[in-house]
Amino acid sequence: MRKRLTLNEYKEGVLAGDRTKLSQAITLAESSLESDQALASDLVQQLLPFTGKSVRIGITGVPGVGKSTFIEAFGKMLVEQGKSVAVLAVDPSSQKSKGSILGDKTRMEKLASDKRAFIRPSPTGSTLGGVSSKTREAMLLCEAAGFDAILIETVGVGQSETAVKSMVDFFLLLMLSGAGDELQGIKKGIMEMADGVVIHKADGDNLAKAKRAKSTYKNALHLFPLGDNKWSAPVITASSLTGEGLNECWQMIHSYQEKMQESGFWEANRSEQRLNWLEENMQYLLGRLFLGNPKVQEMLTQNRSLVASGKLSPLALARDLMQAFFNQKKL
Ligand code: GDP
């Protein structure tokens, strides 16, 4: 069995910025063992006063847009400016594909070898709720370890964007300049979530196209009504190969931070996110308890095919399961 440290050893290790202990603490948080989860929960509680100082940045875009390359180049630029950077990921599909988006060791090698950077592959889990809760814990542990910026990568498939948006301060969307189909391939909902858009791979033959795409996106984004933060998402062009635009991207995030801290939105948003996390956790824990119940499992096994074939109403079975779970009168 894997060796566990004491609560205090984890705590002191994380606070000292010890990478090995930080990794072990994240592994603890990712464990599905009840005793590990209880210990991780105590650890997060004890470290809470030391969290909150990092800027939390979510990064999304369709596969191939260059997220990993961008994170590596952007992260490298930040460490060269003297900042420390942690990279995490939310990838609910990783179980199916048997490899997480950050799991490939050959990716982000340069950044990974820098001692001011910390890269953690995405946790595996059967539900997005479970995975995103673990990522939030990992994020808080990284904050307590003193990282200035936390970059959270997600694949552009819809639900995981919403999960990442609900845990970050700034949500960055990477796009490509396509041949006339700039607005294709990415859901409008995801565009609406973005606090900033980067037209990526703006280099070589692509440069002129990227500039044109920039004004197309600018016009499109202007059509969206402003949200509570009264911020209109800027659009910039950047290349991770030449490094062009990367600093502008950081300036964009920095200026957002300044404005939002001044208006109070920064903290209000984080408060709301904490409450969302509470909600998510309650639903997740309740779901686990319910589905882990032997009587529920037995009834489910017996009756699933009846629901699938249309002979038994899903609503009726769900209510019966609930009733069996609580072992009480019909709801
Ligand atoms: P991801 O799937 O979004 O993580 O994309 P990757 O980072 O794996 O990049 C996909 C491909 O785009 C790779 O072949 C990269 O070399 C290439 N790429 C990434 N960034 C740039 C860039 O700034 N300019 C150009 N020209 N190619 C890039």
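Indexing begins at 1, ligand by ligand and atom by atom, following the structure's order. The residues of the chain are indexed from 1 along the displayed sequence.
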Q.
Quick test of your reading of the structure: of L246, I59, L241, N206, whose heavy atom lies closest to atom 25 (C) of ligand 1?
A.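 Checking each option, the heavy atom nearest atom 25 (C) of ligand 1 is found in L241.
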Q) Considering D203, T69, I71, which one's heavy-atom position lies nearest to atom 24 (N) of ligand 1? A)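 The nearest heavy atom belongs to D203.
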**Q.** Derivation and outcome, side chain to side chain donor-acceptor pair (under 3.5 Å), residues S166 and R136
**A.** CA-CA 10 Å; S166 75; R136 284 181 204 254; 2.9 Å; yes
Q: Could you say whether the N/O atoms of A238 and ligand 1 ever approach to under 3.5 Å?
A: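 So ligand 1 has no N or O lying under 3.5 Å from an N or O of A238.
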(Q) Geometry only, no angles: is P63 polar-contacting ligand 1 at N/O separations under 3.5 Å? (A)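 No: no nitrogen or oxygen of P63 is under 3.5 Å from one in ligand 1.
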Q | G64 near ligand 1 by a heavy-atom separation under 4.0 Å | A |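 Right, G64 reaches ligand 1.
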Q) Strictly by modelled atom types, are H200 and S240 linked by a side-chain donor-acceptor pair under 3.5 Å? A)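 Judged by distance alone, the side chains do pair up.
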Q | salt_bridge(K67, E72) N-O dist < 4.0 Å | A |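 Here K67 does not pair with E72 in a salt bridge, since their nearest N and O are not under 4.0 Å apart.
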(Q) Check this for me, if you would: do R56 and E143 make a salt bridge, where the nitrogen-to-carboxylate-oxygen distance has to be below 4.0 angstrom? (A)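 Yes, this pair counts.
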(Q) How long is the straight-line distance from CG of D169 back to CG of D195, given to the nearest 0.5 Å? (A)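 One finds 9.0 Å between CG of D195 and CG of D169.
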